[in-house]
Structure formats: C-alpha cells, structure tokens
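A short worksheet on the structure shown next.
Chain letters run A, B, ... following the sequence lines, proteins first and then strands; every chain starts at 1.
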Number of protein chains: 2
Amino acid sequence: MTTNKNSITKLSETDIPAFQQIKDHILDEIQKGVWKEGDAIPSEAALAKQFSVSRMTVNRAVRELSSEQFLTRIQGSGTFVAQQKYQATLVEIKSIAEEVRARGHVHSSELHLLERGKPTLQLHQQFRTDPGIILFHSVIVHFENQIPIQVEDRWVNSQLAPAYLQQNFSTITPNEYLMSAAPLQEVRYRIEAVTAPARIADMLEISHNLPCLVLHRVTISGGQVASIATMWHPGNRYQFAGQF
Amino acid sequence: MTTNKNSITKLSETDIPAFQQIKDHILDEIQKGVWKEGDAIPSEAALAKQFSVSRMTVNRAVRELSSEQFLTRIQGSGTFVAQQKYQATLVEIKSIAEEVRARGHVHSSELHLLERGKPTLQLHQQFRTDPGIILFHSVIVHFENQIPIQVEDRWVNSQLAPAYLQQNFSTITPNEYLMSAAPLQEVRYRIEAVTAPARIADMLEISHNLPCLVLHRVTISGGQVASIATMWHPGNRYQFAGQF
DNA sequence: GAGTGGTCTAGACCACAAT
DNA sequence: TTGTGGTCTAGACCACTCC
C-alpha cells in the first residue's frame, strides 16, 4: 500500500484502536524502507488529516513510538526516523528457579553453606565495608530435574539483609529474598568462561578442568553493596539464551 | 506530604508538565511505602479531582507508569501497584570494534576468509533456505591492541546482503554493514563456555583446550534469517561486563 | 447499575525552529 | 510568520468488573 502525500488512508474497521493502527502503519513504512533513518515523517497535522482522526490520536501514536526509540522528535522542527541503535545484543538473565520452571522442569536446590562468613580483606573492599561489618555467606547448588546446573556462591551485607541466615532457601531463592529485603538500585555483572576449580566441579558433578560459564553479579541498594554473587554453570549443559 | 482522601493537592507552578508531576507524585507514594505492591491507587477520576486537572492528563500519567511497569491496570477494576520487577539481569553486548574503541584501545582485524561458502545441509536448515541459495561465509579475527580477542565466524544470506563479498572489512565490521543492508527485526542469541577447537585456539593465539566464551547470534530481517554468527573469545582475557 | 479504565474528539495555548 | 511538536481541556462513548 503506497500512500500519496495527500491521499486519505482508511483505518480498518476492526476493534484495533486508531492510535495502534497508526503506530503499525508508521512501523510498516519504516520496515519497508519507505521512510529511512533520519528521514522526516509527516507532521501530526498531516497524519491526522490522512487518517481522519484528531491530532491527539496521532500524537499518542507518535509519542509512544518515540518513547520506544523508533522515532525522534524535535520540537519546532519535526519527527524523524531514529537511527538504528542496535549495535548491541541485550541478554536477559533470569533467576535460575524461574528459568527452570519456565522450561516446565523441576527446580530444586541443596544448601551447602549458610553462615556468618569469614570474609577476606579484599571482599570487604569489594563491599566497601569496614572489616567490623558482618557479611553472610551462602553456597547453594541448583538442580534442573535433579541435574546440577548452577553453584551459587553468595556474600550478603548483613546491614541490608539482617535476617538472611533465617531464610528457608528451599522455598525461596536468595535472589528473591534479597529483592524484597533491599530494593534494587544498580547491578554490575561480568560473564566469563573459566576452567572449573575442583571444589566447584564436584558440586556440579562434572569432570575437573571442564569449562564453566560464570556470572559475577554485584547488586547495589541505597548506595551500599547489598550482595556479591558468583554463579558457576557447567559449560556442557548450560547456556544463556534468549531472543528479542 | 500526606494527602487525605479528598483533599486537593496543588501542582507546583514550575514549568514541569502536570502529567509529569502526577507521575512523580505516584512514584513518590510508592517509594515511601504509602502504596504497597498490589495496592489499588485512586481512580483516574479521583486523581483528576485531587489535582484539579482533566481526566486525560491523569490518564497519560497513569498509562505511562503502567507501560513503565510501575503500575498494573485492569479495565473495570482499577489501577494497582505492580510487583517488583527485576528477577533478571540484562546484559548488553556491544559490537566488538565499538567496545574496544570505548576502552580507548586500538581495534584492528584480520580477514581470514571471505567467500561464497559451502554450507552444510544443517546450515541451510538453520537459515531456512533451499540448498540452491548462496550463503556467504567470512572469518575475521578481531584484535585489541594487537592481541586477538575474538574470532568471528559468520554466514550471511546472499538474498538479503548481495554485496557482502564486496565490502572492505578493514574499515567496516560485518555487523555494521549488515545493519545498513538489512534492517533488523529479531535477534536470537546463546552464550556458552566451551573448549576451544584447535583451529580457533590457533587464531586466538591461546593454548589448545583453554575455555572460550562463545556467543552465537542469529539475526532475522523481514522474516528471513539474515546472518548466523559465532563469536569465540579467549576465556582468559575476555568477558562480557557492564552495569545498569 | 455504579464505578473503573480505554479511547477519541475538536478545540486551545504555548515553546521552539526555520524562514 | 508559519509550521512544528508539547500540553491540556471538558466533554463523550464504550467495554469491562463488581455488587
């Protein structure tokens, strides 16, 4: 459907809202390459006339597309097709229990350690806490259908989650508990591939020296480091995957 | 500022738009714990009265907060404070050249292969193409300050990027070229840790059997698979990292 | 039936950009 | 000065939920 400058485009008579049909139309023109990156698209007034709707309806369509980063608006100047920003791949890493259940499999876990930890000075530096502060330490192995897929080695700031040791980690994951105890503010992460140390390999029930996918995750709440976690996954049976 | 049920709240006379002030007010109530997860917040009509604005203005505030996942709306029922969201870690993987340059280092690359490929049947299945279709194949090693950090093994659908073989990949990365040739629609990815095959280890200049961080990435454009790439990184000197 | 959100209108006034 | 987007209004009709 090519539309001449001043022609009128009929909206379909389905119960799809007008603003949504206009959004779809604009996305379609971009997708087809009719409107390319940087091009100006018709003004709100022009689109309102074209679709025989009020300007507010067009405004909503265009405003939403611009908040979704498909369009860029400049007051007084016009609306333009945004630059394809995607130079990056966004990877979403879900909590392990949630992920396993989403696959329709059974998640279970085994608590290997839950105690007031004996942190190194280096760890205190990472937490930015004084050596006097108590840090809790837990080690949990997560299973998918009885097969170990993650060793979660976690340190927790006792000031932000004082009841950490009292949790029942067979019914709630540390992640879930921490989310409720200390609202998340910032996350730093790192993903690497390393050879499994013997201690980890044993817990994952894989042969020593097999590659592991490791996620380091530091969560910050209210300006303080809430938790530092290292999650080890057997390279031969676990990977981060997804789409968008 | 605690507001009684029927009291009128004055909007400040700055030039901050009314809908934004209402958004801020609602977020504030949630932040302070006045409205907790699952609680109903006042109806649009009530908020309109409270702030002495039209319902459409309140509607915009509440609609945006709901698209930002702070609120949940149920038609006929009400508006509720959403459940805390982040169970997930979002990881952003930038294009390799961009990433290296962002670190202030020098990116360079070495073209090992660029040809009309000889795809296996399995590869054609992944592309969802007939065996008659031409698939291009390239292998490029990327360096950071002369040290190899990525082997990019890529297959490209010739129908979507017919000029692939004519590109000068010392000045543009395949990723960058493909972005301009075929507007991106969908991406699927997979990250895993594997032992480097000899061929890859040699290109990365690491000893055989060292763990590698591997990113598989399938990009889809206009309903067709545009490109399938496998990116190998030496586990001992490369990791995905970031924050948000 | 009363209350809720979902959408839409036909105006209006403003700030800003291009000319 | 004209055209653009940014915001807002005071209504309206509808679909849906809850009682």
> Can you name the residues that form a side-chain hydrogen bond (donor to acceptor under 3.5 Å, both in side chains) with A/Q224, not counting sequence neighbours?
Replying inline: A/Q159
>> Give the residues of residues 73-82 of chain A touching DNA chain D, defined as any heavy atom closer than 4.0 Å, sorted by residue number.
In response: A/R73, A/I74, A/Q75, A/G76, A/S77, A/G78, A/T79
> Measuring from B/I220:CD1 to B/R128:CZ, what's the distance to the nearest 0.5 Å?
Replying inline: 5.0 Å
> Do you know which two heavy atoms are closest between A/N175 and A/R217, and how far apart they sit?
Replying inline: OD1-NH1, 3.8 Å
>> Once you apply a heavy-atom cut-off of 4.0 Å, does A/V62 come out as touching a base, just sugar-phosphate, or nothing?
In response: nothing
> B/E44 pairs by salt bridge (Lys or Arg N to Asp or Glu O under 4.0 Å) with which of B/R63, B/R73, B/K49, B/R60?
Replying inline: B/R73
> How would you give the extent of chain B contacts on DNA chain D, as first and last nucleotide 5' to 3' within a 4.0 Å heavy-atom cut-off?
Replying inline: D/dT7 to D/dT17
> Is there any salt bridge (Lys or Arg N to Asp or Glu O under 4.0 Å) pair reaching into residues 153-167 of chain A, and which pairs are they, with sequence neighbours excluded?
Replying inline: A/E152-A/R154, A/D153-A/R199
> Rounded to whole angstroms, how far apart are CZ on B/F19 and P on C/dC14?
Replying inline: 19 Å
> What residues form a side-chain hydrogen bond (donor to acceptor under 3.5 Å, both in side chains) with A/Y238, not counting sequence neighbours?
Replying inline: A/E99
>> Tell me which pairs pass salt bridge (Lys or Arg N to Asp or Glu O under 4.0 Å) where either residue lies in residues 16-27 of chain A, with sequence neighbours left out.
In response: A/K23-A/E64, A/K23-A/E68
>> Taking the nucleotide of DNA chain C with the nearest heavy atom to each, does A/Q20 or A/R55 sit closer to the 5' end?
In response: A/Q20
>> Tell me if the aromatic rings of A/Y164 and A/F169 count as close, with their centers under 6.0 Å from one another.
In response: yes
